[in-house]
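Inspection log for the structure reproduced underneath, given as structure tokens.
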Number of protein chains: 2
Amino acid sequence: MEKEKTDKPDKKDHILDVAERVFSDLGFDGASTRLISGEAGVNMAMLNYYFGSKEGLFLAIFERKISSFQTLLQNIGNDETMSSWDKLSTSIDKYVDRIIVNNCFQKLINREISMNKRWELTDKITEILMVNVKEIRKILDEGIKNGSFFADIDCEMVIATIFGTKNYILNTPQLSSLILGYDVRDEKLMEEKLKPRIKTYMKRLLKAYLMTDNDHIKQ
Amino acid sequence: MEKEKTDKPDKKDHILDVAERVFSDLGFDGASTRLISGEAGVNMAMLNYYFGSKEGLFLAIFERKISSFQTLLQNIGNDETMSSWDKLSTSIDKYVDRIIVNNCFQKLINREISMNKRWELTDKITEILMVNVKEIRKILDEGIKNGSFFADIDCEMVIATIFGTKNYILNTPQLSSLILGYDVRDEKLMEEKLKPRIKTYMKRLLKAYLMTDNDHIKQ
DNA sequence: CAAAATTAATCAAACGATTGATTGATAATA
DNA sequence: TATTATCAATCAATCGTTTGATTAATTTTG
């Protein structure tokens with residue numbers, strides 16, 4: 001009634017957009033179907049009509065994102081023209097660009113995977129995230145094999161650092177805003193200051209660990 | 001009736017122990033007072049009798065932990081006999097030892113601080129966590145000033161890495177168990193394998209970033 | 001010290017409110 | 001007309017909380 005153009009094809013998408021934000025703000029149990037439908041401007045019964053149940057709506061949010069996640073880092077690892085370091089560097093760039101866009105969905109993922117219930121969903125999330133993990137792992141393993149990276153590095157912990165550092169900043173915005181000195185929730189600041197900062201830092205950090213001879217310690 | 005010794009003084013503590021675990025497993029909204037009281041083996045009304053409300057119980061869990069957190073890293077930064085690196089290294093050791101013990105409480109903190117509600121509690125959590133953040137920051141700043149660490153390091157991001165890497169492993173046990181190759185929820189494995197591994201890795205990672213001359217890059 | 005009075009602790013039962021879900025009627029669309 | 005979409009109203013279930021009664025523990029009193 002309010003919209004004048006086609007609002008049919010993206011009505012379900014609109015509900016999913018709203019639900020994604022509300023769920024990420026309040027959690028699955030904290031977000032009521034009444035609130036979601038209210039914020040989305042649709043009748044409450046529409047949620048069950050479209051998605052069957054509250055859990056169905058929740059799952060639909062994840063289903064919608066799966067495909068885009070699976071192709072995030074693809075083909076970088078298979079590029080024969082790039083050095084191992086360039087592959088890792090490019091992966092970090094793409095990853096940082098990506099996850100900041102999907103900010104509230106990432107919060108959703110991390111909160112859900114830390115829960116001891118809804119195991120089915122946890123398994124699915126784990127499966128999705130493992131795709132990117134394996135891609136990074138492949139690059140690190142290759143770098144070790146061809147001598148680009150040290151042989152005695154802790155690959156798995158490096159992965160934890162890459163994903164963990166980013167998650168820490170995005171999942172605790174109130175704390176990290178205090179630490180970093182500016183509001184990491186501000187979209188403009190995030191784009192202009194936070195993203196390049198994370199990229200620069202992560203590359204220097206990893207380069208120092210993976211490629212710098214530790215015999216040359218400063219003091 | 002069952003216990004033969006004094007079970008009076010730790011009855012509230014017992015409820016807090018159970019509530020801490022249930023909340024960390026199911027979240028604040030997902031954990032019902034009926035379930036908590038049931039698991040604790042007390043009447044439901046006891047929760048309100050002791051803690052006033054469900055939120056009061058929730059807050060009591062945090063209140064109980066505050067003091068132990070505030071003293072975690074104290075006095076390390078003020079030790080004149082230690083080098084900046086030794087201070088940082090010791091802090092990491094103590095921090096890793098600590099947070100793994102308080103595993104499920106950490107999950108509780110990270111889930112709650114990522115929510116966009118219960119601002120009062122979020123503020124309190126932020127305040128608690130900032131104590132440790134500032135302590136680490138002090139060590140890093142001092143290290144820069146006395147030339148132990150490079151002057152152009154990104155202190156705030158280093159903090160995000162220290163806390164983020166650890167949180168990533170502990171908050172996503174299902175995923176990180178898959179990555180690391182063993183069950184990080186297993187107490188014995190955590191003590192014998194995970195803790196020393198995190199310590200060793202974090203120290204080498206940070207040493208490389210903070211203290212290694214980047215002009216000597218391997219290739 | 002013992003009886004009485006007072007306070008604290010515990011419980012089953014029920015409260016009103018809210019939850020997710022469903023209904024049957026109505027409107028829109030094809 | 002047949003199908004789909006939308007709605008207000010309502011469902012049973014569960015939520016956190018409160019109540020009033022009962023027991024246990026403690027304190028006061030004679």
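Treat the numbers as computed from the prediction; the structure is a model and nothing was measured. By convention in this document, chain letters (A, B, ...) are assigned in the order of the sequence lines, proteins followed by strands, and residues within each chain are numbered from 1.
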For [X] and [N], give me the distance from atom [atom1] to atom [atom2], rounded to whole Å.
X: Tyr50(B); N: dT10(C); atom1: OH; atom2: C1'; value: 9 Å
X: Ile15(B); N: dA9(C); atom1: CD1; atom2: P; value: 11 Å
X: Leu47(B); N: dG16(D); atom1: CG; atom2: C1'; value: 10 Å
X: Arg34(B); N: dA13(D); atom1: CZ; atom2: C1'; value: 10 Å
X: Met46(A); N: dA28(C); atom1: CE; atom2: P; value: 14 Å
X: Asp29(A); N: dC15(D); atom1: CG; atom2: P; value: 10 Å
X: Leu35(B); N: dG16(D); atom1: CG; atom2: P; value: 10 Å
X: Phe58(A); N: dG20(C); atom1: CZ; atom2: P; value: 13 Å

Scan side-chain atoms only and decide if Glu142(B) and Ser84(B) contain a donor-acceptor pair under the 3.5 Å cut-off.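 Side-chain D/A pair, Glu142(B) to Ser84(B): present.
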Are Thr161(B) and Thr161(A) linked by a side-chain donor-acceptor pair shorter than 3.5 Å?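 Not at all, the side chains of Thr161(B) and Thr161(A) share no donor-acceptor pair under 3.5 Å.
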For Asn43(A) and dT6(D), is the shortest distance between a side-chain N/O and OP1 or OP2 below 4.0 Å?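 No.
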Tell me whether the side-chain N/O atoms of Lys11(B) come closer than 4.0 Å to OP1 or OP2 in dT10(C).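 Looking at the OP1 and OP2 atoms of dT10(C), one of them is under 4.0 Å from a side-chain N or O of Lys11(B).
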Just compare [options] and give me whichever is closest to any side-chain atom of [X].
X: Tyr49(B); options: dC7(D), dC15(D), dA8(C); answer: dA8(C)
X: Met44(B); options: dA21(C), dT6(D), dA13(C); answer: dA13(C)
X: Ala45(A); options: dA12(C), dC15(D), dT23(C); answer: dT23(C)

So what does Thr33(B) touch, heavy atoms closer than 4.0 Å: a base, only the sugar-phosphate, or nothing?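 Answer is base: heavy atoms of Thr33(B) come under 4.0 Å of a base.
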May I ask you to say what Phe51(B) touches in the nucleic acid, namely base, sugar-phosphate or nothing, with a heavy-atom cut-off under 4.0 Å?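 Nothing, no heavy atom under 4.0 Å.
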So, do Leu108(B) and Phe28(B) sit near enough that their side-chain heavy atoms are less than 4.5 Å apart?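 No, too far: nothing below the 4.5 Å cut-off.
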Cation-pi between Lys166(B) and Tyr95(B): NZ/CZ under 6.0 Å from ring centre and within 45° of the ring axis?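 Checked: cation-pi criterion not met.
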Can Glu63(A) and Lys124(A) be counted as an ion pair, charged N to O under 4.0 angstrom?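 Counted as a salt bridge, because a side-chain N and a carboxylate O are separated by less than 4.0 Å.
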Which residue lies toward the 5' end of DNA chain C, Ser53(A) or Gly41(B), if each is placed at its nearest nucleotide?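 Comparing both residues, the 5'-ward one is Gly41(B).
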